[in-house]
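Along the sequence shown, the residues carry numbers beginning at 1.
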Amino acid sequence: MRLDKFLKLSRLIKRRTVAKEACDKGMVSVNGKVAKAGDILKVGDIIEINFGTRVIKAEVLDLKEHALKEDAEKMYRLI
C-alpha cells in the first residue's frame, strides 16, 4: 500500500493531499529513510512523522484497503 494512502486510512494524517505534501517536504521517514508518497509499505515497517517539535513514531500492524474509524487505530502501534 502507498505511504500517503496508509497515512490517510490510519488517520495519522487527516487528508491524503496533506500526507503527500508532508512526504514531499521530507517530514516522513520509513525505517530510518526519508520516504516519498508513493513508497510501498509492508507490515512491520516503522513510520516516523515530524510535525515541527512533535514526532510521531508508529509501527505498521495491518494494511487494509478500506478502514472504518474504529478499525483505523488497529492498523498501527505507537512507539
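- For the atom pair CE (M1) and NZ (K64), the distance works out to 10.0 Å, reported to the nearest 0.5 Å.
- Under the 4.5 Å side-chain heavy-atom criterion for Ile, Leu, Val, Met, Phe, Trp and Tyr, L12 and I46 are members of distinct hydrophobic clusters.
- Between L41 and I47, the closest side-chain pair of non-hydrogen atoms falls below 4.5 Å.
- Between the CG atom of D71 and the NE2 atom of H66 there is a distance of 12.5 Å, given to the nearest 0.5 Å.
- Cluster membership check: M27 shares its hydrophobic cluster with L78, using side-chain heavy-atom separations under 4.5 Å among Ile, Leu, Val, Met, Phe, Trp and Tyr.
- Considering every non-hydrogen atom in both M75 and A67, the closest pair reads SD-CB, 3.8 Å.
- Contact annotation: the side chain of V30 approaches that of L3 to within less than 4.5 Å [non-hydrogen atoms, C-beta and beyond].
- Atoms OG and CG, on S29 and D45 in that order, are 11.0 Å from each other to the nearest 0.5 Å.
- F51 and Y76 fall within a single hydrophobic cluster, where Ile, Leu, Val, Met, Phe, Trp and Tyr are joined by side-chain heavy atoms under 4.5 Å apart, directly or via other members.
- Hydrophobic clustering, with ILVMFWY side chains joined whenever heavy atoms are under 4.5 angstrom apart, keeps I49 apart from V34.
- Placement of I56 and I79 in two distinct hydrophobic clusters is found when ILVMFWY residues are connected by side-chain heavy-atom separations under 4.5 Å, directly or transitively.
- Ion pairing between E73 and R11 fails under the 4.0 Å rule for side-chain N and carboxylate O.
- To the nearest 0.5 Å, the span separating CD1 on I40 from NZ on K5 amounts to 10.5 Å.
- To the nearest 0.5 Å, the span separating CG on D62 from CZ on F6 amounts to 8.5 Å.
- In terms of the side-chain hydrogen bond (donor to acceptor under 3.5 Å, both in side chains) criterion, residue partners of R77 (sequence neighbours excluded) are, by chain and number, E59.
- Closest non-hydrogen pair, A37 versus C23, comes out as N-CB, 3.6 Å.
- Atom CG of L61 sits about 12.0 Å away from atom NZ of K74, to the nearest 0.5 Å.
- Within the 4.5 Å cutoff, no side-chain heavy atoms of V60 are placed close to those of K42.
- Listed by first and then second residue, the salt bridge (Lys or Arg N to Asp or Glu O under 4.0 Å) pairs involving residues 14-23 are D4-R16, K20-D24 (not counting sequence neighbours).
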